[in-house]
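Data block below; observations after.
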Amino acid sequence: GQNIDQPTEMTATEGAIVQINCTYQTSGFNGLFWYQQHAGEAPTFLSYNVLDGLEEKGRFSSFLSRSKGYSYLLLKELQMKDSASYLCAVSVDYKLSFGAGTTVTVRA
Amino acid sequence: AAGVIQSPRHLIKEKRETATLKCYPIPRHDTVYWYQQGPGQDPQFLISFYEKMQSDKGSIPDRFSAQQFSDYHSELNMSSLELGDSALYFCASSLNVMNTEAFFGQGTRLTVV
C-alpha cells in the first residue's frame, strides 16, 4: 500500500482556522484528494490537487507540494457542522488510496 | 444533480450466504470504483471498472466478484460471507478513468451475523 500519514485528531474552536497536514510516499502519483466524511456517511469530495500550489474553494483550501510529498487542508471560519473526519487520498495509477483520516472536533 | 445511487442501503445476511450490492453511477460517468470501509477504518479499494472492463484490482477477496454492465451500473457479488465482511461498501464514480473527481454513493451497510 501507499504510506499516507495524517494526524488522528484535531480540536478547534468555532470561528477558528485549522490546518490538517498529509504526507505521502508513493510512485505513479496522479493527484491528491481531500474528502470529508461524517460518521456512517459517504465521503464527500472537497478538493483535488494535481499541480503544486494552493486551490481555494470558499472556506476550504488545499495545498500540494509534489517534491515534498506533502499536502494540507485549511479550514477557515470553522462551523459546528465541520466536525467530521477528513480523509487525505492519493491517486496512484488512477485508484485512490486513503489515509486513516483526521477527526476534527469543533467546539463552541 | 443526480448522484451515485447504491442499493440496498442496509443488508443483513448470515454466514456463508451470498449478497449482491448494486451501484448506479452519475450519468455519463463511465468509471466505477468499489471500496470497503470497516468500523473506524479508512476506505480500502476493492476493484474498479472503466467502460465495462475491469481496470484495476485491489484487496478484493476471491469470494467477491464484480462487473459493470452495458448501462454502466455495477454489481458487487459476495459469496460465502464471513463475519469480517461486515462493513460499509461504497461505490464511487468518475467521468473517466483519470478520476479527477470521484463521487461516492451513500454506501451499503452490510452486516453478517
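Convention: sequence-line order gives letters A, B, ...; per-chain numbering from 1. Everything quoted here is computed from the prediction, not taken from an experiment.
- Within a 6.0 Å radius of CG in D62(B), other residues, nucleotides and ligands contribute 12 heavy atoms or fewer.
- Heavy atoms of Q44(B) lying under 4.5 Å from chain A are absent altogether.
- Of the listed residues (A92(B), G107(B), P43(B), G58(B)), the one with the most heavy-atom contacts under 4.5 Å to chain A is P43(B).
- K15(B) NZ: 12 or fewer foreign heavy atoms inside a 6.0 Å radius.
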Item to complete: Could you check Q36(B) against Y89(B) for side-chain hydrogen bond (donor to acceptor under 3.5 Å, both in side chains), going step by step and ending with a plain yes or no?
Response: CA-CA 5 Å; Q36(B) 178 193 56; Y89(B) 290 84; 2.8 Å; yes
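- Aromatic rings of F104(B) and Y35(A) (six-membered ring for Trp) have centroids within the 6.0 Å cut-off, being under it.
- The cationic atom of K52(B) (NZ for Lys, CZ for Arg) lies less than 6.0 Å from the six-membered ring centre of Y72(B) and within 45° of the ring axis.
- For Q41(B), no part sits under 4.5 Å from any heavy atom of chain A, backbone or side chain.
- With respect to R63(B) and E82(B), a salt bridge is recorded, a charged nitrogen being found less than 4.0 Å from a carboxylate O.
- Taking the six-membered ring where the residue is Trp, the centroids of Y35(B) and F98(A) are separated by under 6.0 Å.
- Using a 4.5 Å heavy-atom cut-off against chain B, no residue of residues 56-65 of chain A qualifies as contacting.
- The choice from P43(A), A100(A), G101(A) that makes the most heavy-atom pairs within less than 4.5 Å of chain B is P43(A).
- Using modelled atom types, one finds no donor on one side chain facing an acceptor on the other under 3.5 Å when comparing E75(B) with T20(B).
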